[in-house]
Amino acid sequence: MPHYLPVSRVARLVGVPRGVLQNMIKEGALDTFDGMIELEELLSKFPDVHWQDEGELEHVNAIKERAFGKRIFERALPDKEVLAERLYELGREFASAKSLLRHYDQVLDWLSQQLDDLADASGTSSSALHSLKQRLRRQLEAVPQEADRGRALLAQESVMRMMSAHVVVQPSGHEFFVEGNDTLLEAALRAGIPLDYGCSNGNCGECKAKLVSGQVKKARPYDFVLKEPEKANGTILLCSYTAVTDVVIEAHVAGAEDIPRQTLQTRVRSVEPLTNGLLALHLFTPRSQRLRFLAGQRVKLSVGDVTGDYYVASCPCEERHIEVHVRAAAQAFADKVFGELHKEDSVTLTGPEGSFVIKLDSRRPVLFLAWDEGFAPIKSLVQHVMSLEMADSMALYWVSDRLPHYQENLCRSWADALDNFRYQPLFAQSGMDAVIEAIFSGHADLGHCDIYAAGPAGFLDAAKAAAMTRGLSLLGFHSEKVE
Ligand code: FES
């Protein structure tokens, strides 16, 4: 009986980023059926992986931890009741496999008896029938070489299914895992997928979604906004329900235009010098609130009557943490940050604004281009794309003009940790033509790529012109003027 596994779970089992498997599928090196990979296919394409090796299983998470410089996948046990239901589901599968085996046993006995009867009826001591029976028995007793590896893989996959449920979002095709006690909404946001929501506590109904397949369970006490007919037709609240088994849901992924303007009272977590005249301001939103925003967007910060506009440099997947880069003397707010702001001080945040955001339905290779502090929105975009595991490959080019590459170690750690990520620092002193040549010399055909560029107008114009001559479509160039 064929056994199919979702690509995301296979990526975790094999210990490679999902993009690597997607590339193999695209190139015809790995067969899939309806987005799933068959066990035998997996065993044949990854003959060297030791499934029992915990290190391999943790490999993908380790990549992300290194790349983000922090632990983003806390390995928490699911709620007792969810665990019990997952055990029950697994038990049911086990029971049906056992009963199927018993049935096969009976069919074999019957077949054996039929062969004996046939030999008797034909009146021959048919050695041919006897040897057929022998061969049948030998075939059944011969354990195929792959059996041990197959068993280990299935055992490991069963443990994974106990610990986390896999979710597919339709029609966008996004995938994520629900770990620990997370609701579907919390897990999606942690994975960087901006599913639509409002209050996050069961009151507004904006997170309504449809359960297409699988089993969910109420993990928070509120779902009062759901009417009985809605419940009956499979409508759920993402902020209230968690996944018991692997599920498919129909849910709306929010774009920049869907996200409302919010005002939050944040607190300063730290003020970190990045380089001469540039600071990273790290803020925390209140415990029960997170800022809804998309990577690449801006926020307005104010203390008293002093305000400033900044790109968010952190990833939307980072829950309550907001990072912005503040350049000295650029705005009145900067004087406040450089002179007076301390840990635990209150900063009012309003936003988000802007439409320089990632195309969430694209799985194409991505080029990120940043000029000086145009790096802030690009950093957020890079981390968002990494958390979504959506791009086939990523290349980051960061041009230093007035500022050095002030978070270069981070960029290098991304390149070290991810096979499909390339980083190249560049210098404006070499001249615009040389910068553009350095960026595009390795990209002869940009017909199936997306470019996200943030920097001064002259740089954006030159990059766009060069990209177009290499086949980039007009819709593939996304830019933000950062002077
Ligand atoms: S977000 Fe308001 S009900 Fe779920």
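We count ligands from 1, going down the list as the structure has it; atoms in each ligand are counted the same way. Since this is a predicted model, take the numbers as computed values, not measurements.
- Using bins of under 30°, 30° to 60° and over 60° for the plane-to-plane angle, the ring pair Phe375/His325 lands in the parallel bin.
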Carefully, step by step, assess Arg86 and Glu89 under the rule salt bridge (charged side-chain N to carboxylate O under 4.0 Å, His left out). CA-CA 5 Å; Arg86 285 188 188 153; Glu89 277 304 311; over 6 Å; no
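- At distances below 3.5 Å, at least one donor-acceptor pair connects side-chain atoms of Glu318 with backbone N or O atoms of Cys315.
- Atom 2 (Fe) of ligand 1 has Cys199 SG, Cys204 SG as its protein N, O or S neighbours under 2.8 Å.
- Put simply, the side chain of Gln297 reaches to within 4.5 Å of the side chain of Val357, judged on heavy atoms.
- Residues His166 and Glu175 are in side-chain contact: their nearest non-hydrogen atoms beyond the backbone lie under 4.5 Å apart.
- Partner of Pro352 under the side chain to side chain contact (heavy atoms under 4.5 Å, CB included) criterion, out of Arg261, Lys300, Gln262: Gln262 alone.
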